[in-house]
Structures are given as C-alpha cells and as structure tokens.
Amino acid sequence: DTEVTQTPKHLVMGMTNKKSLKCEQHMGHRAMYWYKQKAKKPPELMFVYSYEKLSINESVPSRFSPECPNSSLLNLHLHALQPEDSALYLCASSHRDGKELLGHSPLHFGNGTRLTVT
Amino acid sequence: GENVEQHPSTLSVQEGDSAVIKCTYSDSASNYFPWYKQELGKRPQLIIDIRSNVGEKKDQRIAVTLNKTAKHFSLHITETQPEDSAVYFCAASKGRGSTLGRLYFGRGTQLTVWP
C-alpha cells in the first residue's frame with residue numbers, strides 16, 4: 001500500500017481536452033512534488049510546493065498548471081497537451097519543518113498516473 | 001547544477017551473486033544520497049539512503065558506501081534474488097535550504113537476476 005494516492009491510474013486524452021490529475025497524502029508532509037517519467041528514464045522534477053506555496057517550477061510549459069488547495073492535496077491541471085507529453089506522472093511528498101532543522105527527508109512517491117495524449 | 005552519473009546501465013547476475021551499482025556526483029555541497037528501486041509499472045521506492053556524515057550504511061542484504069573525497073557512492077546487494085530485478089536509481093541532493101528537496105537522479109541501472 002502506498003501512502004500517497006494518485007488518481008486516475010490511467011488517463012487518455014485528446015490534444016484539445018482539459019483534465020486534472022489528483023494527489024493526496026495524509027502523512028502531514030508539507031512538501032509536495034510533481035515528477036514526469038518517460039519509459040526507462042529517471043523521474044524529472046516539474047514542480048515543488050512547500051507549505052502550499054509554489055517553490056520550484058522547472059520551466060514547465062504553461063499547458064501544465066499545478067494547484068495545491070491544502071496541505072494534503074495536490075492537483076495538476078492539463079490543457080492542450082501534445083503527444084510527447086505522454087508519460088507517467090508521479091506525485092511525491094516529503095516531510096518539512098519550518099526551520100529546516102531536519103535536513104533532507106526522503107521522498108514518498110505515489111503509484112503515478114499513466115497519461116496518453118492522442 | 002548537480003550532475004549524477006550512474007554505471008552500469010544494465011547488469012545481469014546469477015541468483016545468489018552480488019551486484020554493485022556505482023554513481024558519481026559533481027557538486028561537493030551534495031550531502032544526501034538516496035537509492036530508489038522501481039519495478040516494472042510501479043513507483044520508485046526508497047530502499048536505502050546515506051548522509052554525508054556517514055561512510056557506510058547497511059540494511060540486511062543492501063549496503064551503500066560513500067566516498068566524499070572522490071565524490072562517488074555505491075549500492076551493494078548481496079545474495080541476490082529474482083525479486084531484486086528492477087531499475088535502480090541513485091540520486092544526490094543538497095538537502096536543506098533553497099533546494100527544497102530537489103533530487104538529481106542518475107540515469108538508472110536495469111538489474112536482472114537470473115534464477
């Protein structure tokens with residue numbers, strides 16, 4: 001069982017569609033991440049939220065729009081995607097304290113959403 | 001930024017043998033080095049990690065060693081089993097501060113353990 005839950009597991013969408021990916025965790029983690037992973041490649045960081053604020057955007061195209069409604073939820077809104085955006089989209093979370101006293105905390109990944117853009 | 005190199009890209013071993021995967025990093029400020037195992041169609045799972053104040057860490061059949069001077073770290077799996085077959089990713093991070101959990105991944109090693 002994973003502690004980070006992602007829905008849907010699979011998604012097929014056309015290039016004109018609008019869809020959203022959802023991620024939820026109840027571990028009290030205050031950092032949440034979106035990664036994109038192509039087959040046989042390492043995960044690529046897209047966005048990082050820390051305390052519900054967007055902290056890192058790795059120059060991701062605007063057709064990907066992240067949202068963090070509260071400390072447990074993370075969404076990724078998709079619009080006008082291209083076939084090359086087809087990939088596994090992974091959500092992750094990690095613990096974070098306000099004074100950064102803990103140093104780095106391990107990432108907990110969800111099972112991902114397998115996205116196919118037609 | 002950080003650059004993490006991982007070798008080999010593929011590794012085949014007989015069940016019961018040992019497997020070693022090596023990674024190098026470029027940024028001497030990196031201080032956290034996790035290893036992830038990803039089985040086919042599944043999520044990456046942390047199997048072991050090491051911080052820069054430690055030279056070696058062991059958890060049953062898995063061990064990681066770190067050489068800060070040479071900027072390299074290695075994953076050692078002993079008594080391999082077919083269920084160890086997966087892609088293994090090493091990663092490096094500076095940990096705290098403005099990096100906010102940014103992990104720099106190696107390109108991965110496909111480990112196959114033959115029965």
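As the structure is a computational prediction, the values presented were derived from the model and not from experiment.
Proximity to chain B (any heavy atom under 4.5 Å) is shown, for A/Glu44, by neither the backbone nor the side chain. Only the side chain of B/Gln38 comes within contact range of chain A, with heavy atoms under 4.5 Å apart.
Cluster annotation: B/Leu46 and B/Val87 are assigned to the same hydrophobic cluster (Ile/Leu/Val/Met/Phe/Trp/Tyr, side-chain heavy-atom contacts under 4.5 Å, transitive). Linking ILVMFWY residues whenever their side-chain heavy atoms come closer than 4.5 Å, directly or via other members, leaves B/Tyr104 and A/Met46 in distinct clusters. Under the 4.5 Å side-chain heavy-atom criterion for ILVMFWY residues, no single connected hydrophobic cluster contains both A/Tyr89 and A/Leu45. When hydrophobic clusters are built by joining Ile, Leu, Val, Met, Phe, Trp and Tyr residues whose side-chain heavy atoms come closer than 4.5 Å, directly or via intermediates, A/Leu11 is not grouped with A/Phe109.
Here B/Leu103 contributes atom CG and A/Ser94 contributes atom OG; the two are 8.5 Å apart, rounded to the nearest 0.5 Å. B/Phe105 contributes atom CZ, which lies 8.5 Å from atom CD of A/Gln37 (distance to the nearest 0.5 angstrom).
A/Met27 CE: more than 12 foreign heavy atoms inside a 6.0 Å radius.
Contact detail for A/Pro42 and B/Arg107: the closest heavy-atom pair is CD-O, 4.0 Å.
For the options B/Gly108, B/Pro44, B/Gly106, heavy-atom pairs under 4.5 Å to chain A are most numerous at B/Pro44.
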